[in-house]
Amino acid sequence: MSYNALLTQENEDGSFRTDSTQQDLSFLPEHDTLIRVEWSSLNYKDALSASGNKGITRNYPHQPGVDAAGKIVESPTLQTGTEVIVVGFDLGMNTPGGLGEFIRVPSEWVIPKPEGLTLRECMGIGTAGFTAAQCVMRLEQNGLNPDKGDVVVTGATGGVGSVAVSMLASKGYTVYAASRRPEEAEWLKDLGAAELIDASELTEDNGRPMQKGRWAGAVETVGGKTLEMLTKSMQHRGIITCCGMITGKDLNTNVFPFILRGLTLIGIDSAECPIDQKRDIWKVLGGEAKPAHLDALMHEITLSEAPDALKKMINGKTQGRQIVKI
Ligand SMILES: NC(=O)c1ccc[n+]([C@@H]2O[C@H](COP(=O)([O-])OP(=O)(O)OC[C@H]3O[C@@H](n4cnc5c(N)ncnc54)[C@H](OP(=O)(O)O)[C@@H]3O)[C@@H](O)[C@H]2O)c1
């Protein structure tokens, strides 16, 4: 049986292309759970995979998509037709992913659709929103609250950033959205941002080991110089979550902010988050932590529009969450 899917392939000159294709079910690996995918979404990791990043995907041709939401076709434990989501683990990395009508995955990766969310809304949140939720939870578990001071979100127009802006604003934080795109100021303010700041301001460096203590908390998504300067610009007992490395994987900082200001730097990992924790967080995402601005965050596209959207994403030109109707 054949099905529609995106396929990323290597060209003879070493470049990569991603097209809508027909695949045979035999393309899928021999796992115990077959899912008919109805919705997926785009995440930065998909953009890397679709552009041939071998740190994400070792072998091509490959069906990308780290997120999938759909219905059970075959399962050792769940009834046919049960609505489920699969987010992270190896999906879309070296296991054919959610940007196709079918996926076959180990049952241990499957989460029944959380109450309070449709399959479409689950993909509106997706890995990026799940990551934003983890960032906010970990900030608060480490003592952040709205009375502590201003919070900054970097890469604010992106998937993780925009959901984080919405979640933090809904909780009463004064959120500064750091972005390279001033034209998105109104949209970010509609999500609850108090102010938009130019992303380049955060990378200004006067050469001192610590800068003026400005932020109580930070959801940092781009890495590189931005993360470096944030470590040096947090208030006493400031807390940063770090999840991305779009502008660099190295962190060049020093111990002064840690030992003089008690800085906390928290790493966030979503793909390999243990399944029990994933289920718990998704449950909260369908309830008290459901993003208030979910409709405004989602841009719906078709599978055939996804290759162009992935190119835009790798160039930092998408906004919010791209959800894909399969
Ligand atoms: N650790 C984890 O478990 C985990 C999970 C999910 C995502 N991530 C990582 O988090 C990061 C964000 O993911 P995402 O899905 O939110 O991606 P996204 O939707 O593509 O958003 C990334 C944002 O970063 C900014 N940006 C892009 N290119 C840039 C550049 N060259 N220089 C400076 N800023 C740039 C842009 O925001 P502005 O235009 O507003 O500046 C863009 O909207 C990625 O590195 C991703 O791999 C990690």
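Throughout, residue positions are numbered sequentially from 1 according to the sequence presented. As the structure lists them, so they are numbered: ligands from 1, and atoms in each ligand from 1. All figures in this text were calculated on a predicted structure; none of them were measured in a lab.
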In the protein, which heavy atom is nearest to atom 11 (C) of ligand 1, and how far is it? Thr221 O, 3.3 Å
May I ask you to check whether Gln22 and Ser2 show a side-chain donor-acceptor distance below 3.5 Å? yes
Val222 heavy atoms within 4.0 Å reach ligand 1 at atoms 24 (O), 25 (C), 34 (N)
Do Leu25 and Ile326 land in one hydrophobic cluster if side-chain heavy atoms of ILVMFWY residues count as linked below 4.5 Å? no
Can you sort out which atoms of ligand 1 are near Ala156, meaning under 4.0 Å from one of its heavy atoms? 40 (O)
Do Thr127 and Asp67 have side-chain atoms, one donor and one acceptor, less than 3.5 Å apart? yes
Salt bridge or not between Asp19 and Arg17? Use side-chain N to carboxylate O under 4.0 Å. yes
Phe102 pairs by side chain to side chain contact (heavy atoms under 4.5 Å, CB included) with which of Asn4, Leu34, Val37? Leu34
Considering only protein heavy atoms, which is closest to atom 6 (C) of ligand 1, and at what distance to one decimal place? Thr131 OG1, 3.3 Å
Structural part of Thr247 in contact with ligand 1, heavy atom criterion under 4.0 angstrom: side chain
What do we get for Met245 next to ligand 1 when only non-hydrogen atoms under 4.0 Å count, side chain, backbone, both or neither? backbone
Honestly, is Lys278 close enough over Phe89, meaning NZ or CZ under 6.0 Å from the six-membered ring centre and within 45° of the axis? yes
Asp269: numbered ligand 1 atoms lying under 4.0 Å from its heavy atoms: 3 (O)
side-chain contact (heavy atoms from CB on, under 4.5 Å) partners for Lys311, two or more places apart: Asp308
Would you say Ala199 contacts ligand 1, with heavy atoms under 4.0 Å as the rule? no
Are any of the N/O atoms in Met313 less than 3.5 Å from those in ligand 1? no
Looking only at protein heavy atoms, identify the closest one to atom 48 (C) of ligand 1 and say how far it is in Å. Cys243 O, 2.9 Å
Does the side chain of Ser41 pick up a donor-acceptor pair with the side chain of Arg321 at under 3.5 Å? yes
Hey, does Gly159 come in under 3.5 Å of ligand 1, counting only N/O atoms on both sides? yes
What I want to know is whether Ser270 and ligand 1 share at least one N or O pair that is separated by under 3.5 angstrom. yes
Within the structure, does Ile268 bring an N/O atom to less than 3.5 angstrom of an N/O atom in ligand 1? yes
Any salt bridge between Arg279 and Asp276, counting N to O under 4.0 Å? yes
Flag the pair Leu285 / Pro114 as yes when at least one side-chain heavy-atom distance between them is below 4.5 Å, and no otherwise. no
Looking at Gly244, which atoms of ligand 1 are within less than 4.0 Å of one of its heavy atoms? 9 (C), 10 (O), 11 (C), 45 (O)
Taking 4.0 angstrom as the limit and counting only heavy atoms of Gly316, give me the atoms of ligand 1 inside it, by number and element. 27 (C), 28 (N)
Quick one: does Ala178 get an N or O within less than 3.5 Å of an N or O on ligand 1? no
Looking at atom 22 (C) of ligand 1, what's its closest protein heavy atom, distance included? Ile246 CD1, 3.5 Å
How far is atom 15 (O) of ligand 1 from its nearest protein heavy atom, and which residue and atom is that? Tyr44 N, 3.4 Å
Do you see a donor-acceptor pair shorter than 3.5 Å between the side chains of Glu201 and Tyr176? no
How far is atom 40 (O) of ligand 1 from its nearest protein heavy atom, and which residue and atom is that? Ser179 OG, 2.6 Å
Give me the residue, atom name and distance of the protein heavy atom closest to atom 29 (C) of ligand 1. Arg180 NH1, 3.3 Å
of all protein heavy atoms, closest to atom 21 (O) of ligand 1 is Gly158 CA, 3.1 Å
So Asn206 and Gln211, side-chain hydrogen bond (donor to acceptor under 3.5 Å, both in side chains) or not? Walk me through it. CA-CA 8 Å; Asn206 62 16; Gln211 319 276 315; 2.9 Å; yes
Which atoms of ligand 1 are found less than 4.0 Å from any heavy atom of Thr157? 37 (O), 38 (P), 39 (O), 40 (O), 43 (O)
Please determine, by modelled atom types, if Thr131 and Gln134 share a side-chain donor-acceptor pair under 3.5 angstrom. no
Using heavy atoms and a 4.0 Å limit, tell me yes or no: is Lys45 in contact with ligand 1? no
Under the rule for side chain to side chain donor-acceptor pair (under 3.5 Å), what residues qualify as partners of Ser200, not counting sequence neighbours? Asp198
